[in-house]
Amino acid sequence: MRKYLVTGGAGFIGSNYIRYMLNKYKDVSIINLDKLTYAGNLENLKDVENDPRYEFVKGDIGDEAIVDELIAKADVVVNFAAESHVDRSIGAPDDFIKTDIFGAFVLLEAARKHHVDRFIQISTDEVYGSIENGSFKETDPLMPSSPYSASKTGADRLAFSYFVTYGVPVIITRCSNNYGPFHYPEKLIPLFITNALEDKPLPIYGDGLYVRDWIYVEDHCAGVDFVTEKGEPGEVYNIGGGNERTNLEITDYVLRKLEKPETLKTFVKDRPGHDRRYAVDCSKMNAMGWKPKHDLTQALDKTISWYIDNRSWWEKIKSGEYLDYYKQQYQS
Ligand code: NAD
Ligand code: DAU
């Protein structure tokens with residue numbers, strides 16, 4: 001029985017990953033350590049909560065005592081825990097530094113002490129910064145431009161240093177923009193689907209011509225599992241969906257699919273320091289035999305249907321005041 005410690009497993013990608021792993025393998029056990037910040041939601045894991053192979057522990061990855069106790073029992077650590085929203089990092093960077101950098105440090109220290117078999121640091125394509133043409137390779141310099149991406153870069157390089165300096169078997173993944181079920185409705189795709197369903201305006205930052213590469217969350221989960229099995233310690237792996245779209249293209253698609261009027265499109269003040277385009281070169285993973293399985297249109301349709309069918313999940317979240325609070329700071 002292989003024992004996993006998954007951090008941030010009550011969030012969007014972490015919860016999809018836990019479900020993916022429990023479905024794929026019989027012989028795994030998973031402890032999910034999550035602080036349950038505004039983004040952590042145990043409803044994301046309702047279907048697996050009684051699985052005897054799964055255990056939830058509420059706690060902070062910056063808490064040395066709890067991290068030490070849990071990593072002592074783990075073979076593999078997968079660190080998803082992070083403050084993940086760029087807009088929030090612009091308004092209040094503190095928690096980004098605490099969780100994304102210091103939290104990763106606490107995990108790495110415990111991994112060093114307890115000699116884990118693998119430490120997977122979930123980094124992001126945002127660490128490279130923006131690129132006008134072409135795409136970034138794993139060896140390209142890092143040029144993050146938001147407090148979020150800078151904190152993720154700190155953790156990414158700290159993890160690498162624990163491989164070089166102490167021999168901790170660290171693997172780093174840098175994935176592009178995920179979409180799919182349980183995506184918190186503050187991010188572009190779930191915000192726009194749910195706003196459209198509520199006939200509310202879709203706030204497009206700037207000219208809407210910013211480009212992201214979209215990957216279905218299950219493909220990201222499969223990629224993380226793939227590098228855990230086939231990746232080499234000390235290596236970085238880009239994981240991309242191969243689906244570059246402008247934000248306007250995504251917006252138009254959502255509105256067409258939901259048969260909602262173009263008039264919901266609302267151009268608002270731009271995000272400060274907004275990266276124009278992200279693009280990663282995935283030839284390293286492709287050469288190892290991995291590629292994403294999902295087609296953007298089909299998986300986006302599936303995602304839109306999920307939000308239609310799970311209205312109570314997102315209505316509960318959106319009835320809180322946090323969205324208005326953060327949005328007021330950047331939009332006039
Ligand atoms: P999310 O915000 O939905 O979830 C983050 C989870 O971490 C939440 O459950 C939250 O409660 C938990 N958490 C936060 N601080 C914590 C702490 N101090 N201790 C323990 N738990 C804590 O984020 P997500 O979109 O699922 O992203 C997960 C990871 O993947 C992040 O590391 C993010 O940087 C990375 N990533 C995300 C994307 C994307 O498109 N969403 C792409 C590439 C990489
Ligand atoms: O690239 C990977 C990253 O993708 C992850 O590391 C981050 O955790 C994740 O949040 C995501 O970051 P982005 O900033 O790209 O995602 P977001 O959904 O916030 O924005 C996507 C694009 O849409 C971006 O160009 C900003 C724009 N946008 C976003 C929101 C929320 C809008 O135009 N309007 C909006 O209301």
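All values below come from the heavy atoms of this structure, side chains included, with hydrogens, waters and symmetry mates left out. If you read the sequence from its start, that first residue is 1, and numbering goes on from there. Every number for a ligand or one of its atoms is a count from 1 in the order of the listing.
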So, is F12 polar-close to ligand 1, with some N/O to N/O distance under 3.5 Å?
->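 F12 vs ligand 1: N/O contact under 3.5 Å present.
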
Ring geometry between Y148 and F96 (parallel below 30°, tilted from 30 to 60°, perpendicular above 60°) |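 Geometry flag for Y148 against F96: perpendicular rings.
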
Which of parallel (below 30°), tilted (30 to 60°) and perpendicular (above 60°) describes Y17 and F80?
->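 Tilted.
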
Contact between ligand 1 and [X] is defined here as a heavy atom of the residue under 4.0 Å from a ligand atom; is it met?
| X | result |
| --- | --- |
| G59 | yes |
| S15 | no |
| Y38 | no |
| T7 | no |
| F80 | yes |

For ligand 1, which part of [X] has a heavy atom less than 4.0 Å away: the side chain, the backbone, both, or neither?
| X | answer |
| --- | --- |
| R174 | neither |
| L36 | backbone |
| Y148 | side chain |

F192, Y179, Y148, Y205: member with heavy atom nearest to atom 29 (C) of ligand 2 =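 When every heavy atom of F192, Y179, Y148, Y205 is considered, Y205 comes closest to atom 29 (C) of ligand 2.
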
Per atom 19 (O) of ligand 2, closest listed option by heavy atom (K187, R245, R271) =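 It is R271 that holds the nearest heavy atom.
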
Taking distance alone, with no angle check, do P203 and ligand 2 share an N/O pair under 3.5 Å?
->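 Such a contact does occur with ligand 2.
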
Any N/O of T124 closer than 3.5 Å to an N/O of ligand 2?
->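 T124 vs ligand 2: N/O contact under 3.5 Å present.
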
Check whether the side chains of D270 and Y210 place a donor and an acceptor atom closer than 3.5 Å, and report yes or no.
->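 Y210 and D270 do have a side-chain donor-acceptor pair below 3.5 Å.
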
State whether a side-chain donor-acceptor pair under 3.5 Å links K316 with N41.
->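 There is no such pair between these side chains.
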
Counting from 1, what ligand 1 atoms have a heavy atom of [X] closer than 4.0 Å?
| X | value |
| --- | --- |
| S176 | 40 (O), 42 (C), 43 (C) |
| I122 | 30 (O), 32 (O), 35 (C) |
| N177 | 40 (O) |

May I ask you to say whether R19 pairs ionically with D51, meaning some side-chain N is under 4.0 Å from a carboxylate O?
->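 No, R19 and D51 are not salt-bridged.
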
Is it true that D219 and K293 make a salt bridge, defined as a side-chain N closer than 4.0 Å to a carboxylate O?
->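 No salt bridge links D219 with K293.
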
Taking the six-membered ring of Y205, is NZ or CZ of R271 closer than 6.0 Å to its centre and within 45° of its axis?
->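 The answer is no; the distance or angle limit is not met.
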
Give a yes/no verdict on whether any heavy atom in E186 is under 4.0 Å from an atom of ligand 2.
->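 Yes, that is the case, since the closest heavy atom of the residue is under 4.0 Å from the ligand.
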
Residue K187 excluded, over 12 heavy atoms near NZ under 6.0 Å =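 It does: K187 NZ has more than 12 such atoms within range.
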
Is the number of heavy atoms from other residues, nucleotides or ligands within 6.0 Å of CD (E229) greater than 12?
->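 Yes.
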
Any residue meeting side chain to side chain contact (heavy atoms under 4.5 Å, CB included) with P201, in chain and number order, not counting sequence neighbours |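 Residues passing side chain to side chain contact (heavy atoms under 4.5 Å, CB included) with P201: T266.
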
